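Reviewing the structure listed below.
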Amino acid sequence: MVAVNEVVDLSNEGDIAVITINSPPVNALSAKVRAGLAQAAQKAFADDSAKAVVLICAGRTFIAGADIAEFGKPMTGPTFAEVFSILEAAPKPLIAAIHGTALGGGLETTLVCNYRVAVPSAKVGLPEVNIGIIPGAGGTQRLPRLVGVPMALEMITSGAHVGAKQALEAGLIDELVEEGKLRDGALAFARKAIVENLPLKKVRDLKAQVDASVFAEFRKVNAKKFRGLTAPEAAIKAVEAAVSLPFDEGLALEEKMFLELLTGEQAAALRYAFFAQREAGKIPDVPADTPTRPIKRVGIVGAGTMGGGIAMNFLNAGLPVTIVETKQEFLDRGVGVIRANYERSAKGGRMTLDDVEKRMGLLTPTLNLEDLADADLVIEAVFENIDVKTELFGKIDKIAKYGAILASNTSYLDLDAMAAVTQRPQDFIGLHFFSPANVMKLLEIVRSDRTAKDVVATAMSLAKTIGKVAVLVGVAPGFVGNRMLAARAKEADALVLEGAMPWQVDKVLYDFGMAMGHFAMWDLAGLDLGWDAAASKSSTIREILVEGGRRGQKTGAGFYDYDEHRNPAPSPVTEQIIREFRAKRGITPREISDEEIFERTIYPMINEGAKILEEGKAIRASDIDVVWLNGYGWPAYRGGPMHYANTVGLQKIVDRLKDYEARLGDRFKPAALLEKLAKDGKTFADL
Ligand code: 3H9
């Protein structure tokens, strides 16, 4: 074996040359990899004893794409185009051997090879849209030529990974080889290519054909999904070019659009979000090699919406769950909902009926708290009441085995108070799931001063097992997400009192890119969340709505009126309630500008985020962004509230907050940290 450079090797297996890329963690196409690959290919092509060439990767995956860390910096080393033109001119069969994921520039590399083989577990995709760009190394031109326009459009605009079997059916992969035997399989394919004198197929020579109406229809169907995003439309245009223009012209258009997007704000924000999410998994005082506790069985107390949703996460991951309720009917209902959810998935083709039974078989419903004795982790998901929870933890503490982790799913109650009633505060942690818990990606892991490091490490690792994006936060009312949401809620409510209608507030937030407006979100969550009928005294608009049976989407009416498809419409009833409410309080409504709505709902959130950082309740500003991106529908292309603040300029935010402070009071007072950063000309990224 000859090392071409630090990351690329070239070896010969008889009459087959093998180029191996070994650039951990994911063999990204950094300048070094590109240089090594170009050199190795040139050597292999010039070597007359080699009759075919295999391109394979060491480690966990094939090339996962361009090196995203290089974006936004000056380009060094050979360009993609230079490397690809060398590969594409291979004078002998060039075969890509895929395992793990061939993504972005990685898949594009395979498309300039003559053939592609893969193990069944491999996945391929062009996920560039997720970081605000389009494939920039020919993916938009070659993929439609190979698999057809509809599949290419879907893959490039969604960024979704496609499994090897599906890729084989689509002609994207030529042959599947035995799992774990990629090298042998690829060598066998190369030998076949030599013996059978297989042609040097070039994807660029194929033709992409489709009726033009396909594009119009695709745009229409996906309009809502692509709202606010610039990359998907560019991707569609590029695929259109694959059909309408000669190959090289299409390639030039792709490159032009790629470069425009790459230097844009959306790409910067999405790249930031990509790295922020990975950074969130790193806890400064809990190194990656901290031992974790084995979690082989999970206990959940409460089979309501939350408890049931939480249980599904573990069942999906193959972990047995014991779920406890106080009454048989609650237990039956909870288990019934879990089963119904799974059966719906089976009906929709997302799992088989066998999968449903497998998951249900892992669930042990019980009325007996004592059955939690063998659980390694017990999560409480009962009614949000501190007395109920502390009493429960007192009991669980006596039942759970030594070393078991005790967790609360509370969204705002005092975790320290709960931990204090147990004999093991070091084993106590908050696991704040978001509703619906089986769907929402975010998990706030709440650490108290006494939580042991291995408990933190176990929770972080468990989050990965169940496919959640975990963010470690400190104990404070509402933790990170709900605390900032409360800051927004205060202003949204005040704005309605002062003269705005809920739909005006919502439109501003929706147009900014939020998944939904503030009041629409309440309607979805249920206005009766945390509502106490006995204590309800028509003291807020929400109380009046709930008292009148308007509990949100589930009752067909809340702030909005809903039709049978749950489409919202501004409600004359709500409007009347608001007008009367203002009148009773002697408030004369005024015209409120969209700009004021925007600043008063968004800037206090940023201010609250700064306070969270000041108090050390989040490790880093980007963690706060990860919370908002994954749990609250903040538009990813705006990077999260703290990143967005950096793009606006912290001084401007301080100035606007001070204006509102003078007009409306103390609640707008800028956080000391925010003021200091602004004064020093810094951003949250400098912390
Ligand atoms: C592109 O290709 C453009 C081209 O069309 C044209 C150019 C002209 N670059 O996610 P993980 C790091 S755009 C740099 O935790 P997993 C990551 O930061 C690219 N670094 O592992 C992390 O580092 P650390 C298109 C990257 O097993 C470590 O690898 N490709 C890249 O859960 C492990 O990552 C993509 O968008 C990268 N491309 O998932 C693919 N990828 O340990 C993006 C990863 O220091 N990547 N890192 O925190 C992924 O989707 C996942 O990382 C992958 C592995 C599925 C590969």
Side-chain angles (χ1 to χ4, degrees), residues 7 21 23-34 37 57 59-73 75-85 98-112 121-143 152 155-156 158-163 231 234-235 238 251-252 254-263 267-268 270-283 287-289 441 460-461 463-470 620 622-623 626 636:
V7 288
I21 300 177
S23 181
V26 295
N27 293 311
L29 283 163
S30 60
K32 249 188 216 154
V33 171
R34 293 196 305 275
L37 178 56
C57 289
R60 62 204 246 206
T61 179
F62 191 77
I63 304 164
D67 186 344
I68 303 173
E70 282 184 358
F71 290 161
K73 298 176 188 153
M75 179 101 179
T76 58
T79 64
F80 277 77
E82 283 160 2
V83 181
F84 282 14
S85 65
I98 307 169
H99 76 296
T101 45
L103 301 176
L107 180 59
E108 289 173 302
T109 305
T110 74
L111 294 176
V112 290
S121 62
K123 292 195 172 97
V124 298
L126 292 174
E128 283 86 345
V129 283
N130 295 333
I131 49 168
I133 55 175
I134 59 170
T140 65
Q141 303 307 297
R142 291 191 180 88
L143 191 65
M155 280 179 71
I156 300 171
S158 73
H161 298 179
V162 169
L251 206 58
E254 177 198 83
E255 189 187 7
K256 181 172 166 283
M257 289 196 289
F258 166 80
L259 288 172
E260 273 167 19
L261 289 168
L262 188 67
T263 48
L270 286 158
R271 262 196 318 272
Y272 163 86
F274 176 85
F275 287 115
Q277 188 163 319
R278 278 142 189 93
E279 192 71 7
K282 294 168 189 150
I283 316 300
D289 58 358
K441 278 272 173 223
M460 294 298 290
S461 139
K464 260 205 162 160
T465 309
I466 60 172
K468 296 290 176 201
V469 176
R620 42 182 97 81
S622 61
D623 283 7
V626 175

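One-based numbering, in listed order, for ligands and for the atoms of each. Because the structure is a prediction, the values reported are computed rather than measured.
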Item to check | Atoms in ligand 1 with a heavy atom of Phe80 nearer than 4.0 Å | outcome: 7 (C), 8 (C)
Next on the checklist: Need the ligand 1 atom indices (1-based, order shown) with element for anything under 4.0 Å from a heavy-atom of Glu108.
Outcome noted: 4 (C), 5 (O), 6 (C)
Checklist outcome for this item: Asp67 heavy atoms within 4.0 Å reach ligand 1 at atoms 9 (N), 14 (C)
Checklist entry - Quick one: does Arg620's side chain have a donor or acceptor within less than 3.5 Å of a partner on Ala276's backbone? => result no
Next on the checklist: How far is atom 32 (O) of ligand 1 from the closest protein heavy atom, and which atom is that?
Outcome noted: Arg60 NH2, 4.5 Å
Next on the checklist: Just to confirm my output: which protein heavy-atom neighbour is closest to atom 55 (C) of ligand 1, and how far is it?
Outcome noted: Leu103 CD1, 4.0 Å
Checklist entry - Of the listed options (Ala267, Gly105, Ala102, Ala64), which comes nearest to atom 40 (C) of ligand 1 when hydrogens are ignored and any heavy atom counts? => result Ala64
Next on the checklist: Other residues, nucleotides and ligands only: do more than 12 of their heavy atoms fall within 6.0 Å of NZ on Lys468?
Outcome noted: yes
Checklist entry - How would you list, by chain and number, every residue that makes a side chain to side chain contact (heavy atoms under 4.5 Å, CB included) with Ala160, sequence neighbours excluded? => result Ser158
Item to check | Sub-4.0 Å protein heavy atom next to atom 23 (O) of ligand 1 | outcome: no
Checklist entry - Side chains of Leu261 and Glu128: does their closest heavy-atom pair fall under 4.5 Å? => result no
Item to check | Shortest protein heavy-atom distance from atom 41 (N) of ligand 1, along with the residue and atom involved | outcome: Val26 CG2, 3.5 Å
Item to check | Protein contact of atom 7 (C) of ligand 1 - nearest heavy atom, named by residue and atom, plus distance | outcome: Phe258 CZ, 3.6 Å
Item to check | Residue pair Ser121 / His99, side-chain heavy-atom distance below 4.5 Å | outcome: no
Checklist entry - Do Glu254 and Thr140 have a side chain donor and acceptor closer than 3.5 Å? => result yes
Next on the checklist: Whether the side chain of Lys464 engages the backbone of Val469 through a donor-acceptor N/O pair (distance < 3.5 Å, no angle test) should be reported.
Outcome noted: no
Checklist entry - Side chain, backbone, both or neither: which part of Pro25 has a heavy atom under 4.0 Å from ligand 1? => result side chain
Checklist entry - Given that the side chain starts at C-beta and the backbone is N, CA, C, O, which of these parts of Ile131 lies under 4.0 Å from ligand 1, counting heavy atoms, or is it both or neither? => result side chain
Item to check | Separation between CG of Leu103 and CZ of Phe62, rounded to the nearest 0.5 Å | outcome: 10.5 Å
Checklist entry - Does atom 53 (C) of ligand 1 have any protein heavy atom closer than 4.0 Å? => result no
Item to check | ligand 1-proximal atoms of Glu279, by part, heavy-atom distance under 4.0 Å | outcome: neither
Next on the checklist: Would you say that Leu126 contacts Leu143 through its side chain, given a criterion of any heavy-atom pair below 4.5 Å between the two side chains?
Outcome noted: yes
Checklist entry - Would you call Pro127 a ligand 1 contact, heavy-atom distance under 4.0 Å? => result yes
Checklist entry - Which one of Lys282, Glu254, Met75 has a non-hydrogen atom at the shortest distance from atom 42 (O) of ligand 1? => result Lys282
Checklist entry - With atoms numbered from 1 as shown, which atoms in ligand 1 lie under 4.0 angstrom from a non-hydrogen atom of Pro135? => result 5 (O)
Checklist entry - Would you say Tyr272 and Ser622 make side-chain contact, with heavy atoms under 4.5 Å? => result yes
Checklist entry - In terms of residue, atom name and distance, what is the protein heavy atom nearest to atom 6 (C) of ligand 1? => result Gly136 N, 3.5 Å
Checklist entry - Heavy atom under 4.0 Å from ligand 1: found in Thr101's side chain, backbone, both, or neither? => result side chain
Checklist entry - Which of the numbered atoms in ligand 1 are below 4.0 angstrom from a heavy atom of Gly104? => result 2 (O), 25 (C)
Checklist entry - Starting from atom 10 (O) of ligand 1, which protein heavy atom do you reach first, and at what distance in Å? => result Arg278 NE, 2.6 Å
Item to check | Contacts of Leu29 that satisfy side chain to side chain contact (heavy atoms under 4.5 Å, CB included) - sequence neighbours left out | outcome: Val33, Arg34, Leu37, Ile63, Phe80, Thr109
Item to check | Nearest-0.5 Å distance that lies between atom CZ in Phe274 and atom CZ in Arg271 | outcome: 11.5 Å
Checklist entry - Against heavy atoms of Phe275, which atoms of ligand 1 measure under 4.0 Å? => result 18 (O)
Checklist entry - Which protein non-hydrogen atom lies closest to atom 38 (N) of ligand 1, naming both residue and atom, and how far is it? => result Ala66 O, 2.9 Å
Checklist outcome for this item: the protein heavy atom lying closest to atom 9 (N) of ligand 1 turns out to be Ile68 N, 2.9 Å
Item to check | side-chain contact (heavy atoms from CB on, under 4.5 Å) between His161 and Val124, worked out | outcome: CA-CA 5 Å; His161 298 179; Val124 298; over 6 Å; no
Checklist entry - Below 3.5 angstrom, do we get any N/O pair linking His161 and ligand 1? => result no
Item to check | Separation between CD1 of Ile98 and OG1 of Thr61, rounded to the nearest 0.5 Å | outcome: 9.5 Å
